[in-house]
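What follows is one structure encoded as structure tokens, with my remarks underneath.
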Amino acid sequence: MKIRSRVLTKFVAFCCMMTSRAIFATCRIEATEHTSGTTPYAGKKVKSPERFLYCIWHDILMMAIFCGKPEHMAGLVSRHQDGSYLADTMRMVGLTPIRGSSQRGGTQAIKQCLEAAKAHHIAITPDGPRGPRHEMKEGIVFLASQSGRRIVPVTARCKRYWRFQAKWTDMLIPKPFTRVLIVTGEPICIPSGLTREQIKEQAKRVEQIMHELEGRIDRQMHPERYSEKSASAQTTSRAA
């Protein structure tokens, strides 16, 4: 059932914000950056005057919001009701929501993002709000090409977590007192004046970089899984 009351929507968002802050306050948060000055997480401030486009998969969105205190940050949020909760939560933690998506208000949202990019970092979930999961849509690449801003890939993992399953994705919420690791990769330059086909090619390149970053953070957070896989592969090889 959709909640149409703004007062009730704000109340739900407030409860979500307070609960999330309480959980993340107990967590051991570690932030790793591959380029100095681009990670606004774990109490760090972005040192560079350059503004970036942060590329974040939908399932780690809560970690991206609550793992630090990003400054001068705006985020693209769906116009659906679920987006209203997120937008209100973002306002409560000092982030600026820009409402729109590829299905609803897309053109206006792009215009707002281009304007906001002059003074703000922009966070975008390129696989939301309808998926498929971890599959890059082209909006962030188009925005980078038009604005001249570089794209910073972001991913995060936690040792123990709850996984809330939705229609096409899941949301990872750290359990109290667990370890959370959030990582940013090298900023990605996107050429200007790209054709539609070139934008698609660049989107695939950014998607591949995101997957590679995920692989690195997975090995760092869960080395036991990869040691087990390696041991299993060696056993299989000897048996063959």
Side-chain angles (χ1 to χ4, degrees), residues 16-75 86 89-90 92-95 120-128 133-134 136 140 150-164 169-188 206-230:
C16 177
M17 183 269 294
M18 293 300 293
T19 301
S20 298
R21 276 187 167 170
I23 291 173
F24 279 90
T26 70
C27 294
R28 179 161 59 92
I29 299 171
E30 302 172 20
T32 302
E33 58 191 6
H34 291 273
T35 298
S36 179
T38 64
T39 305
Y41 298 111
K44 294 185 178 182
K45 294 183 178 180
V46 177
K47 304 169 187 175
S48 171
E50 181 179 359
R51 296 294 184 251
F52 298 100
L53 305 177
Y54 287 91
C55 183
I56 303 166
W57 292 135
H58 188 270
D59 55 7
I60 68 156
L61 187 56
M62 296 302 288
M63 285 185 275
I65 291 174
F66 289 100
C67 274
K69 296 180 180 179
E71 295 184 334
H72 311 295
M73 182 74 77
L86 178 59
T89 300
M90 288 172 62
M92 291 173 188
V93 298
L95 306 179
H120 292 76
H121 306 286
I122 309 293
I124 295 177
T125 54
D127 60 343
R133 182 178 182 271
H134 290 195
M136 183 76 57
I140 191 171
R150 293 190 290 170
I151 297 174
V152 176
V154 181
T155 192
R157 291 292 184 272
C158 42
K159 198 71 173 179
R160 296 181 301 107
Y161 53 84
W162 292 291
R163 185 187 297 272
F164 294 94
T169 187
D170 45 26
M171 184 70 70
L172 299 180
I173 307 296
K175 291 185 177 181
F177 304 102
T178 194
R179 178 191 177 203
V180 178
L181 178 61
I182 187 161
V183 175
T184 59
E186 290 279 356
I188 304 166
V206 176
E207 181 180 296
Q208 181 61 34
I209 291 172
M210 288 286 286
H211 291 324
E212 291 172 357
L213 189 64
E214 285 182 292
R216 291 202 297 270
I217 194 174
D218 278 336
R219 287 190 291 271
Q220 188 173 350
M221 179 60 77
H222 301 287
E224 71 283 354
R225 296 179 184 176
Y226 289 87
S227 61
E228 290 172 2
K229 289 181 181 179
S230 177

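Position 1 is the first residue of the sequence; numbering continues from there. What you see is a predicted model; the values in this text were computed from it and never measured.
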Closest contact, heavy atoms only, [X] versus [Y]:
X: P176; Y: T26; result: CA-OG1, 3.3 Å
X: R163; Y: R133; result: NH1-NH2, 4.3 Å
X: F66; Y: I29; result: O-CD1, 4.4 Å
X: I56; Y: P126; result: O-CD, 3.4 Å
X: I182; Y: A64; result: CD1-CA, 4.1 Å
X: T178; Y: C158; result: CG2-CB, 4.3 Å

Side-chain touch [X]/[Y], heavy atoms, less than 4.5 angstrom:
X: L86; Y: I65; result: yes
X: M210; Y: E212; result: no
X: W57; Y: M136; result: yes
X: E186; Y: I209; result: no

Give a yes or no answer on whether the side chain of [X] reaches the backbone of [Y] with a donor-acceptor pair at less than 3.5 Å.
X: K159; Y: M221; result: yes
X: D59; Y: D170; result: no
X: T19; Y: C16; result: no

Could you tell me which residues satisfy side-chain contact (heavy atoms from CB on, under 4.5 Å) with H72, sequence neighbours excluded, listed by chain and number?
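Counting only residues at least two positions away or on another chain, H72 forms a side-chain contact (heavy atoms from CB on, under 4.5 Å) with R51, H121.
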Nearest 0.5 angstrom please: [X] [atom1] to [Y] [atom2], how far?
X: I188; Y: L53; atom1: CD1; atom2: CG; value: 10.5 Å
X: E30; Y: R179; atom1: CD; atom2: CZ; value: 4.0 Å
X: C27; Y: L181; atom1: SG; atom2: CG; value: 12.5 Å
X: T155; Y: R216; atom1: OG1; atom2: CZ; value: 10.5 Å
X: M63; Y: L172; atom1: CE; atom2: CG; value: 5.0 Å
X: R160; Y: F177; atom1: CZ; atom2: CZ; value: 9.5 Å

Mind telling me whether F52 and Y54 have parallel, tilted or perpendicular rings, with 30° and 60° as the class edges?
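Taking F52 first and then Y54, their aromatic rings stand perpendicular (interplane angle over 60°).
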Take E214 and H211 through the side chain to side chain donor-acceptor pair (under 3.5 Å) test and state the conclusion after the steps.
CA-CA 5 Å; E214 285 182 292; H211 291 324; 3.1 Å; yes
